[in-house]
Amino acid sequence: MRNPYQRKANTTSGQKGPVSVQSQYQNFVETIVSQAKVYALYQDGWALCATPTGQASLAVWQSKGLAQLLIKDNWANYHVEEIELIPFLEKMIPFIRANGKILSINLTPEGQNILISGDKFILDLKRYLYQLQLSQPEVFNDPRIPHPRKLRMTVFKAHYKDE
């Protein structure tokens, strides 16, 4: 007999099986641009986690609800902080790049996440913003959405300023 309460796994339209890591990552980029913010956990500093190789990574989420799932155990005293997209790109990304850290995207309670370097994240974000500029230029009327050309100047200027 089948369990009537068992949930089916989410699938994209017409696609069988779990959603690919690449499509999850693309969804993350699209979501943070459309809402012009990301979420992280904070308590006297940002919540860091470690990769399987031991490298420190900054945990960020595309929604407050996903971030709240991790407020337990070692992070029980943390709270969810909303970070506007432009300050995230201008301050946090250069910091993680300069300190050899990476991003841990949408970490789940089970330990699943997407790990990506700051450099690759910036390149992928710029690529998406250029596509968006061609297809929906009106999006850039919102001052919270970074222009792809200015992104290079603001993010990389902050990184090379100390050298």
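For this chain, numbers begin at 1 and follow the sequence in order.
Of all the heavy atoms in G118 and I93, the pair that sits closest is O-CG2, 4.2 Å. Shortest non-hydrogen contact noted between A36 and I145 is CB-CD1, 3.8 Å. Of all the heavy atoms in L41 and Y78, the pair that sits closest is C-CD2, 3.7 Å.
Grouping the Ile, Leu, Val, Met, Phe, Trp and Tyr side chains by contacts below 4.5 angstrom, directly or via other members, places I32 with L89. L48 and I116 fall within the same hydrophobic cluster, where Ile, Leu, Val, Met, Phe, Trp and Tyr residues are linked whenever their side-chain heavy atoms come under 4.5 Å apart, directly or through other members. With hydrophobic clusters built from ILVMFWY side chains whose heavy atoms lie under 4.5 angstrom apart, V139 shares a cluster with L125. No path of Ile, Leu, Val, Met, Phe, Trp and Tyr side chains, each step under 4.5 Å between heavy atoms, connects V38 with L66, placing them in separate hydrophobic clusters.
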Kindly list each side-chain donor-acceptor pair under 3.5 angstrom involving residues 68-76, sequence neighbours excluded, with atom names and distances?
none

Pair up each side-chain donor or acceptor in residues 105-113 with any protein partner under 3.5 Å, not counting sequence neighbours, and list the distances.
unit_1	atom_1	unit_2	atom_2	d
N106	OD1	Q62	N	3.0
N106	ND2	Q62	OE1	3.2
T108	OG1	E110	N	3.3
T108	OG1	E110	OE1	3.3
T108	OG1	G111	N	3.4
T108	OG1	Q112	N	3.0
T108	OG1	Q112	O	3.4
N113	ND2	S104	OG	2.7

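Taken to the nearest 0.5 Å, the CG atom of L85 stands 12.0 Å off from the CE atom of M92. Atom CD1 of I83 sits about 7.0 Å away from atom CD of E81, to the nearest 0.5 Å.
For Q133, the side-chain contact (heavy atoms from CB on, under 4.5 Å) criterion is met by Y130, F140, H147, P148, not counting sequence neighbours. For the side chain to side chain donor-acceptor pair (under 3.5 Å) test, no residue two or more places apart in sequence or in another chain qualifies with S135. Residues passing the side chain to side chain donor-acceptor pair (under 3.5 Å) test with S117: none are found, sequence neighbours excluded. With sequence neighbours left out, D142 forms a salt bridge (Lys or Arg N to Asp or Glu O under 4.0 Å) with R144. Listed by chain and residue number, E82 satisfy the salt bridge (Lys or Arg N to Asp or Glu O under 4.0 Å) test with K37 (two or more places apart in sequence, or in another chain). In this view, K120 and D124 satisfy the salt bridge (Lys or Arg N to Asp or Glu O under 4.0 Å) rule, not counting sequence neighbours. With sequence neighbours left out, the side chain to side chain donor-acceptor pair (under 3.5 Å) criterion links E84 to no other residue.
Sequence neighbours left out, not one pair with a member in residues 45-58 passes salt bridge (Lys or Arg N to Asp or Glu O under 4.0 Å). Contacts classified as salt bridge (Lys or Arg N to Asp or Glu O under 4.0 Å) and involving residues 22-33 (residues at least two apart or in different chains) are not found. The ring pair (Phe, Tyr, Trp, His ring centres under 6.0 Å) pairs that include a residue from residues 27-58 are Y42-W46, where partners are two or more places apart or lie in different chains.
A distance-only check finds a donor-acceptor pair linking the side chain of N99 to the backbone of F95 [under 3.5 Å].
Each of L134, V29, V33 was checked for a side chain to side chain contact (heavy atoms under 4.5 Å, CB included) with L129, and the lone residue meeting it is V33.
Two residues are said to be in side-chain contact when any heavy atoms from C-beta on lie closer than 4.5 Å; K101 and L58 fail this criterion. You'll find the side chain of S57 stays beyond 4.5 Å of the side chain of L103, heavy atoms only.
For the residue pair T31 and S34, no side-chain donor N or O sits within less than 3.5 Å of a side-chain acceptor on the partner.
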